[in-house]
Protein chains: 2
Amino acid sequence: MNSKSVEAAQASAMLSQLPAPVLENLMANSVQRSFSSGETIFLQGEPAYAIFLIVEGWVKLYRISTSGAEAVVAILKRNRSFGEAVALRDQPYPVSAEAISDCTLIQIDGKRIRRQIIENPELGLNLLAATQVHLHALIEQVEQLKARSGVQRLAEFLVDLAEGQPNHNRLPLPYNKTLIAGHLGIQPESLSRAFAKLRDHGVRIEGNHATIDDLELLRDLANQDKGQPWVR
Amino acid sequence: MNSKSVEAAQASAMLSQLPAPVLENLMANSVQRSFSSGETIFLQGEPAYAIFLIVEGWVKLYRISTSGAEAVVAILKRNRSFGEAVALRDQPYPVSAEAISDCTLIQIDGKRIRRQIIENPELGLNLLAATQVHLHALIEQVEQLKARSGVQRLAEFLVDLAEGQPNHNRLPLPYNKTLIAGHLGIQPESLSRAFAKLRDHGVRIEGNHATIDDLELLRDLANQDKGQPWVR
DNA sequence: CGGTGAATTGATCATCATCAAAGGGCGTGG
DNA sequence: CCACGCCCTTTGATGATGATCAATTCACCG
């Protein structure tokens, strides 16, 4: 287990703040795996045997509905874990996971974690914290989908991106636009048009880099009221 | 603590399968509270001090975005718990909760549960299970919002309703239509029109009762393919 | 009764999906 | 090295879906 893995563990909601011996035990018994871009990590409906922690790269969680349509449920980066809540129960994964860049993951056996929780309940609390992060992200996504337009969601996406970076010049888009569209719940064509609309608001796109003139302006756009009548 | 409370505890993902003494201890130290329809249980941003379990009635979880728009995140009924993941950490509630019918809840102190988890790690696993139910529900909601039309979501909603009930004649709608609209992420007017469209598919509405001629037909409608191009 | 809020319906507009076409980057095979 | 094909991206035209604004009806309640 290399230093990058330890770093990821310490930065994750799931494993941070664990007593060192517990963490070491877990890490010693977990597997590090590499996936190349496009590879499937697990499929919706498969028995959930493991919890994953992203050491490097990007992962997409998605769902294929009965009709065959794909919905991107989450896009995760370094230091995020997934599958926590499911792998502890005898249940199938509710989503599929796919590497969207070359990436390395730590794979921890669910049964082992289960045993560890019994011995060290703090770990259970940590896992609850980690799932809470997921929960929160999904709640925000539902809010965005219900109360904001596609352009606004894109603006929000760019603001989030920029906040991770110091300079807003030539901000690299983390993955291709088809995927961004899926993440935002719109079609690629609509994304293209949404970018065009943002050009009037100081956003320029060149290839897979974005330049943001005025971050405040963009933030305002994302939060503009649509005047909901159901607010009493 | 009356029998209804015990019943709810045993039917909940959160407290079922707990050793009797642990359950009794928890219950003995929790409060039963009543709310009348429309009353606020807690507000988004408040410190999360408690976990709630619904003994009777209906509760709405919603979020007010920075723009002031309301998005209904979940609607919960008997035996469901909420606030589990949050109340165990020193964080504010990410949503607001409101009683949408007269209802009785069991309120369990977060700090107490935290102590109990340390003593009895099984409880931690149970809570993980409970949050997993929430997680799953949200994932489904995201999928529905991204990949289905309003009419389809309404069809799905009715199918879910009907599956709880044995006869599909005069199926009572559990709450008013404005709220159903919010739950489905559409405006009340659009809901009205969606109901009108379903009339052609064997669904009739009288007041707050629905009659479904052919449940299978409705299910098909909800799952009809929209022919997604992003499925490779 | 008068008033208030829920529900419906009509008319219109904004948003977004869909279908079609075309340009550009990139890797593969000749 | 170049040609070809493939996929991503953009743009245009059109249609479906749902929001908004306005008006009306109805049930309920003080």
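Chain letters run A, B, ... following the sequence lines, proteins first and then strands; every chain starts at 1.
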Colleague: Tell me, yes or no, whether the heavy-atom count around Lys77(B) atom NZ, taken from other residues, nucleotides or ligands under 6.0 Å, exceeds 12.
Modeller: no
Colleague: Between Lys197(A) (NZ) and dC16(C) (C1'), how many Å, whole number?
Modeller: 9 Å
Colleague: With sequence neighbours excluded, what pairs up with Tyr93(B) under the ring-ring contact (aromatic ring centres under 6.0 Å, His included) test?
Modeller: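 Checked Tyr93(B) against ring-ring contact (aromatic ring centres under 6.0 Å, His included); matches are Phe42(B).
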Colleague: State which residues pass side-chain hydrogen bond (donor to acceptor under 3.5 Å, both in side chains) with Arg63(B); sequence neighbours excluded, sorted by chain then number.
Modeller: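 Arg63(B) satisfies side-chain hydrogen bond (donor to acceptor under 3.5 Å, both in side chains) with Glu143(A) only.
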Colleague: With sequence neighbours left out, what residues match Ala137(A) under side chain to side chain contact (heavy atoms under 4.5 Å, CB included)?
Modeller: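 Once residues adjacent in sequence are excluded, Ala137(A) has no partner under the side chain to side chain contact (heavy atoms under 4.5 Å, CB included) criterion.
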Colleague: Starting at atom CG of Asn208(B), determine the distance to atom C1' of dT8(C), rounded to an integer number of angstrom.
Modeller: 16 Å
Colleague: For the pair made of CD in Gln152(A) and P in dA19(D), what is the distance, rounded to whole Å?
Modeller: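 The distance from CD of Gln152(A) to P of dA19(D) comes to 14 Å, rounded to the nearest Å.
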Colleague: Atom CD1 of Ile186(B) and atom C1' of dT8(C): how far apart are they, to the nearest Å?
Modeller: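 Those two atoms, CD1 and C1', are 14 Å apart.
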Colleague: To the nearest Å, how far apart are Glu206(B) CD and dC26(D) C1'?
Modeller: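 Going from Glu206(B) (CD) to dC26(D) (C1'), I get 16 Å.
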Colleague: In whole angstroms, how far is the C1' atom of dA14(C) from the CD atom of Gln187(B)?
Modeller: 13 Å
Colleague: Which atom pairs link the protein and nucleotides 8-15 of chain D when you take only N or O atoms and keep those under 3.5 Å?
Modeller:
residue : atom : partner   : partner atom : Å
dT9(D)  : OP1  : Lys177(A) : N            : 3.1
dT9(D)  : OP2  : Lys177(A) : N            : 3.2
dT9(D)  : OP2  : Thr178(A) : N            : 2.9
dT9(D)  : OP2  : Thr178(A) : OG1          : 2.9
dT10(D) : OP1  : Lys177(A) : NZ           : 2.9
dT10(D) : OP2  : Ser192(A) : OG           : 3.3
dT10(D) : O5'  : Ser192(A) : OG           : 3.1
dG12(D) : N7   : Arg193(A) : NH2          : 2.3
dG12(D) : O6   : Arg193(A) : NH2          : 3.1
dA13(D) : N6   : Arg193(A) : NH2          : 3.3

Colleague: So, using side-chain hydrogen bond (donor to acceptor under 3.5 Å, both in side chains) as the criterion, who are the partners of Arg204(A) when residues are at least two apart?
Modeller: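 Expected list: Asp213(A).
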Colleague: Can you pull out every salt bridge (charged side-chain N to carboxylate O under 4.0 Å, His left out) where at least one residue sits in residues 30-52 of chain A? Sequence neighbours excluded, please.
Modeller: none
